[in-house]
Visitor: 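Below are the C-alpha cells for one structure; questions will follow.
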Amino acid sequence: MARLNTQVGIVGAGPAGLLLAHLLHLNGIDSVVIENRSREHVIDRVRAGVLEQGTVDLLVAMGVGDGALRRGLRHEGLYISFKGRRHRIDMAELTGGKAITVYGQNEVVKDLIDARAATGRRLYFEAAHVSVDGLDASQPIIRFEHDGTDHELGCDFIAGCDGFHGICRPSIPDGALTVYERIYPFGWLGLLVEAAPSSDELVYTHHERGFALFSMRSPAVTRLYFQVPPDEPIQHWSDAAIWDELLARMTTSDGWKPNIGRIVQKSVTPMRSFVATPMRHARLFLAGDAAHIVPPTGAKGLNLAASDVLVLARALKAFYEHRREEWLDEYSDVCLRRVWKAQRFSWWMTSTLHHSPDGSAFDHQRQIADLDYLTSSRAAMTSLAEQYVGLPADVSLDSVGL
Ligand code: FAD
Ligand code: DHB
C-alpha cells in the first residue's frame, strides 16, 4: 500500500480537473490528479469545440493559451438558418468586440496535460477502483489502484472533476443533494469529416426533419451534428444516409451546403439538462460536468467547467494564504448563478432549434416566430450574442493571481 499526501486531490483529468490543477500550481498549491482512463483516451476523445472569450482569456493568462491563439479559429459571428435561409448574427459588433474561438476540447486537454507534465506535479492515468472516503473528516482520502499497487491519498480537500458518470457525486450521502433534471426526446449524431469547411462560421439549422449544426476543427476538417432519436443505434446510419439527411436539412435556397468528405469519426450523444446542488459537501467540491450538464446546443459545458474552477481556485487560494473560509462557503452559490443562466440559454437554444417529436403544429409556428424575431431584432440578437460569447465571470483573473 502506497500512502501519499497532498493539499488538493483532484479526481478526473478532463478540462475541469486539469485547469484546476494548473491554477493551483500557479498559486503554489500542490495537487494530485487521478484519472481512470489512459492518456491517449483522454486526448483522443472528440467533444466540445467552442471556447467563450473568457475561457480563451483564462487559458492565455495561465500561460496555456498558445495553441488556442495560434491554431484556434476566432469567429466574430454565427449563422441561424431556418426556412431555407441563413441569417448572420454579428457577435463582435453586438458585444463590443467579443468573439468565440473554435478549438477542439481534446487540443485544450492535450495542452493542459503538457503543462502539467512540465510542472513535475503528480498526474496518474489508468487509476483503477477510484473511491473517496472521509468527506466529513479533516483529512478526506482518495483510494485507487495504480500499476497493481493500492494507493491512499490524504488531502485537505477533494475536487470532484470526474464528469457526469464519475464517482464523486454519488459518494455524497443520500438526501444531501437536490437534483434538477430535464431529459430531451432527442440526441445528436456527431461527425468529424475530412473536408474543408464551406462556411467561415458556424451554422445552426432549424428544419422540420430536425436540427443540424455545421462546425469545424481546422481549415481541412468539418464537424457536423444532426438531431436523431436519443437511443439511435449508430449502425442505422450508413455514410450515404448521413449525407442525404444532412444535405436535406442544411442546404439553403442560395445553394450553401456543407462539403462532403470522408467521415473519420461518428457517435451519438443523448441530451439532458442537469444540476445537483449544492456543489459542495463538507470537504468535497464538485466542478464541471460532475455537478451539471447542459444540452450541447449552447456550447456551454466546457466553458462552465472553466468558470467553476476559477471560482474554486480563488477560494482555495484565500484559504491557503489567509485561512479565509468564506469563499469556500460561497463556492456553490457563486457558481450556480452562472450555471443557471447557462442552463436557461442552453435549454432555450435547444427547444427553439430542435424538432420535438411530441410538439404540435402550434409549437412549430412558435419556433419559427421565435427565430424570425431573433434574426430581425437587434435587441434579440444582442441577447443571443452576449450569452453565446459568454456572460461575465463573477470572479476576476486578479483574484487567482493572474
Ligand atoms: P469531463 O470532460 O467529462 O472529464 C471528466 C474526467 O474524469 C474524464 O477524463 C473521465 O475519464 C474522468 N473520470 C470519470 N470517472 C472517473 C473515476 N471514477 N475516477 C477517475 N477519473 C474519472 N461544451 C462546450 O463548452 N462547448 C461545446 O462546443 C461543447 N460541445 C459538446 C459536444 C458534444 C458532442 C458533447 C458530448 C459535449 C460538448 N460540450 C461542449 C460539453 C463538454 O464536452 C463538457 O461539458 C466538458 O467535457 C466538461 O468537462 P469536465 O472536465 O467537467 O468533465
Ligand atoms: C460544437 C459543439 C457544440 O455543442 C456547439 O453548440 C457548437 C459547436 C463543436 O463541436 O464544434
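Both ligands and their constituent atoms are indexed starting at 1 by order of listing. Keep in mind it's a predicted model, so treat the numbers as computed, not measured.
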Visitor: Output yes when the distance from some N or O of ligand 1 to some N or O of Asn303 is under 3.5 Å, and no in every other case.
Guide: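 Indeed, backbone or side chain, Asn303 has an N or O that close.
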Visitor: Just one of His87, His364, His355 clears the ring-ring contact (aromatic ring centres under 6.0 Å, His included) bar with Phe82, so which one?
Guide: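 Between Phe82 and the candidates, ring-ring contact (aromatic ring centres under 6.0 Å, His included) is satisfied uniquely by His87.
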Visitor: Quick one about Ser198 and Trp256 (side-chain donor to acceptor, distance below 3.5 Å, no hydrogens or angles considered), yes or no?
Guide: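 Looking only at side-chain atoms, Ser198 and Trp256 do form a donor-acceptor pair, the distance falling under 3.5 Å.
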Visitor: With no hydrogens and no angle check, just 3.5 Å: does a side-chain donor-acceptor pair link Asp111 and Tyr103?
Guide: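 Indeed, the side chains of Asp111 and Tyr103 share at least one donor-acceptor pair under 3.5 Å.
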Visitor: Is it the side chain, the backbone, both or neither of Val11 that has a heavy atom closer than 4.0 Å to ligand 1?
Guide: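 Side chain only.
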Visitor: Could you list each nitrogen or oxygen of ligand 2 that sits under 3.5 Å from a protein nitrogen or oxygen, with the atom names and the distance?
Guide:
unit_1	atom_1	unit_2	atom_2	d
ligand 2	4 (O)	Pro296	O	2.7
ligand 2	6 (O)	Tyr204	OH	2.7
ligand 2	6 (O)	Pro296	O	2.9
ligand 2	6 (O)	Thr297	O	3.4
ligand 2	10 (O)	Arg217	NH2	2.7
ligand 2	10 (O)	Tyr225	OH	2.6
ligand 2	11 (O)	Ser215	OG	2.6
ligand 2	11 (O)	Arg217	NH1	2.8

Visitor: At under 4.0 Å between heavy atoms, is it the side chain or the backbone of Leu302 that contacts ligand 1, or both, or neither?
Guide: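 Looking at Leu302 and ligand 1, atoms from backbone and side chain both fall under 4.0 Å.
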Visitor: Can you report which non-hydrogen protein atom sits closest to atom 49 (O) of ligand 1, along with the distance?
Guide: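 The closest heavy atom on the protein side is Pro15 CD, 3.5 Å.
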Visitor: Against heavy atoms of Gly301, which atoms of ligand 1 measure under 4.0 Å?
Guide: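 The atoms of ligand 1 under 4.0 Å from a heavy atom of Gly301 are 23 (N), 24 (C), 25 (O), 41 (C), 45 (O).
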Visitor: For ligand 1, indicate whether the residue Glu52 contacts it via side chain, backbone, both or neither (heavy-atom separation under 4.0 Å).
Guide: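 It is neither; nothing of Glu52 touches ligand 1.
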Visitor: Specify side chain, backbone, both or neither for Val130, according to which of its non-hydrogen atoms lie closer than 4.0 Å to ligand 1.
Guide: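 Under 4.0 Å from ligand 1, Val130 contributes side-chain atoms alone.
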Visitor: Could you find the nearest protein heavy atom to atom 4 (O) of ligand 1 and give me its residue, atom name and distance?
Guide: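 Protein heavy atom with the smallest distance to atom 4 (O) of ligand 1: Gly14 CA, 3.4 Å.
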Visitor: Against heavy atoms of Gly49, which atoms of ligand 1 measure under 4.0 Å?
Guide: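 Near Gly49, the atoms of ligand 1 are 27 (C), 28 (O).
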Visitor: For Arg122, does its backbone N or O pair with a side-chain atom of Arg116 as donor and acceptor, under 3.5 Å?
Guide: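 Yes.
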Visitor: With a 3.5 Å cut-off and no angle check, do the side chains of Thr252 and Asp254 form a donor-acceptor pair?
Guide: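 Yes - a donor-acceptor pair under 3.5 Å links their side chains.
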Visitor: Judging by distance only, is a nitrogen or oxygen of Gly17 under 3.5 angstrom from one on ligand 1?
Guide: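 So ligand 1 has no N or O lying under 3.5 Å from an N or O of Gly17.
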Visitor: Less than 4.0 Å between a side-chain N and a carboxylate O, is that true for Arg324 and Glu326?
Guide: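 Yes, Glu326 and Arg324 are salt-bridged.
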Visitor: Considering only the protein, which heavy-atom contact is closest to atom 36 (C) of ligand 1, and what is its distance?
Guide: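 Nearest protein contact, heavy atoms only, for atom 36 (C) of ligand 1 is Thr269 CG2, 3.6 Å.
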Visitor: Name the option, out of Arg47, Arg45, His165, that contains the heavy atom nearest to atom 1 (P) of ligand 1.
Guide: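 Among Arg47, Arg45, His165, the closest heavy atom to atom 1 (P) of ligand 1 belongs to Arg47.
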Visitor: Check whether the side chains of Gln387 and Arg344 place a donor and an acceptor atom closer than 3.5 Å, and report yes or no.
Guide: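 Gln387 vs Arg344: donor-acceptor pair found between side chains.
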Visitor: Run the numbers for me: atoms of ligand 1, each under 4.0 Å from some heavy atom of Arg37, listed by number.
Guide: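 Selected atoms, number and element: 11 (O).
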Visitor: List for me each residue that meets salt bridge (Lys or Arg N to Asp or Glu O under 4.0 Å) alongside Asp329, sequence neighbours excluded, and say none if there are none.
Guide: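 By the salt bridge (Lys or Arg N to Asp or Glu O under 4.0 Å) rule, Asp329 matches Arg280.
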Visitor: Will you find, in the side chains of Asp363 and Gln367, an N or O donor that is under 3.5 Å from an N or O acceptor?
Guide: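 No, because no side-chain N or O of Asp363 sits under 3.5 Å from a partner of the opposite role on Gln367.
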Visitor: One residue to check: Tyr225. Relative to ligand 1, which of side chain, backbone, both or neither has a non-hydrogen atom less than 4.0 Å away?
Guide: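 For Tyr225, the contact with ligand 1 is made by the side chain alone.
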Visitor: Would you mind running through ligand 1 and noting each atom that sits below 4.0 Å from a heavy atom of Gly288?
Guide: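 Heavy-atom distances to Gly288 below 4.0 Å select 52 (O).
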Visitor: Can you give me every donor-acceptor pair (side chain of residues 234-241, partner residue at least two apart or in another chain, under 3.5 Å) with its distance?
Guide:
unit_1	atom_1	unit_2	atom_2	d
Trp237	NE1	Glu232	OE2	2.7
Ser238	OG	Ala241	N	3.1
Asp239	OD1	Lys266	NZ	3.0

Visitor: Note the single closest protein heavy atom to atom 29 (C) of ligand 1, along with its residue, its atom name and the distance in Å.
Guide: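 Closest protein heavy atom to atom 29 (C) of ligand 1: Ala48 CB, 3.0 Å.
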Visitor: Is a side-chain donor or acceptor of Thr375 paired with a backbone partner of Leu371 at a separation under 3.5 angstrom?
Guide: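 Indeed, once roles are kept as given, a pair shorter than 3.5 Å links the two residues.
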Visitor: Counting from 1, what ligand 1 atoms have a heavy atom of Ile167 closer than 4.0 Å?
Guide: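 Those qualifying, in numeric order: 18 (N).
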Visitor: Can you find an N or O of Ala16 that's nearer than 3.5 Å to an N or O of ligand 1?
Guide: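 N/O-N/O distance below 3.5 Å exists for this pair.
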Visitor: Do me a favour and list the nearest non-hydrogen protein atom to atom 17 (C) of ligand 1 with residue, atom name and distance?
Guide: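 Protein heavy atom with the smallest distance to atom 17 (C) of ligand 1: Asn36 ND2, 3.4 Å.
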Visitor: When you measure from the centre of the six-membered ring of Tyr388, is the NZ or CZ of Lys300 closer than 6.0 Å and no more than 45° off the axis?
Guide: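 Because its charged atom sits under 6.0 Å from the ring centre and within 45° of the axis, Lys300 does stack over Tyr388.
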Visitor: Among protein heavy atoms, which lies nearest atom 11 (O) of ligand 1, and at what distance?
Guide: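 Here the closest protein heavy atom is Glu35 OE2, 2.6 Å.
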Visitor: Would Val8 and Asp156 satisfy side-chain contact (heavy atoms from CB on, under 4.5 Å), going step by step from the backbone distance to the final call?
Guide: CA-CA 6 Å; Val8 183; Asp156 299 336; 6.0 Å; no
Visitor: Between side-chain atoms of residues 180-192 and protein atoms elsewhere (two or more places apart, or another chain), which donor-acceptor pairs fall under 3.5 Å?
Guide:
unit_1	atom_1	unit_2	atom_2	d
Glu181	OE2	Arg272	NH1	2.4
Tyr184	OH	Ser273	OG	2.6
Trp188	NE1	His354	NE2	3.0

Visitor: About how many Å separate CD1 of Ile167 and CD1 of Ile142, when rounded to the nearest 0.5 Å?
Guide: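 So the gap between those two atoms works out to 7.5 Å.
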Visitor: Can the positive tip of Arg86 be found less than 6.0 Å from the middle of the six-membered ring of Phe214, inside 45° of the ring normal?
Guide: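 Negative - Arg86 is either too far from the ring of Phe214 or too far off its axis.
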Visitor: Specify the protein heavy atom at minimum distance from atom 52 (O) of ligand 1: its residue, its atom name, and the distance to 0.1 Å.
Guide: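 Result: Asp289 N, 2.9 Å.
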Visitor: Using the rule given for side-chain hydrogen bond (donor to acceptor under 3.5 Å, both in side chains), can you reason through Tyr124 versus Asn36, listing the C-alpha separation, both sets of side-chain angles and the distance that settles it, and then say yes or no?
Guide: CA-CA 8 Å; Tyr124 293 89; Asn36 65 351; over 6 Å; no
Visitor: Which of the atoms of ligand 1 are close to Lys300, meaning less than 4.0 Å from one of its heavy atoms?
Guide: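 Matching atoms, with element in brackets: 24 (C), 25 (O).
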Visitor: Do me a favour and list the nearest non-hydrogen protein atom to atom 43 (O) of ligand 1 with residue, atom name and distance?
Guide: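 So the nearest neighbour among protein heavy atoms is Gln105 OE1, 2.7 Å.
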Visitor: I need the atoms of ligand 1 closer than 4.0 Å to a non-hydrogen atom of Cys161, numbered in the order shown.
Guide: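 Reading through ligand 1 atom by atom, the close ones are 5 (C), 6 (C), 7 (O).
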Visitor: Need the ligand 1 atom indices (1-based, order shown) with element for anything under 4.0 Å from a heavy-atom of Gly163.
Guide: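 Those qualifying, in numeric order: 3 (O), 5 (C), 53 (O).
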Visitor: Return yes if some donor-acceptor pair links the side-chain N/O of His146 with the main-chain N/O of Phe125 below 3.5 Å, else return no.
Guide: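 Yes, His146 side chain to Phe125 backbone: donor-acceptor pair under 3.5 Å.
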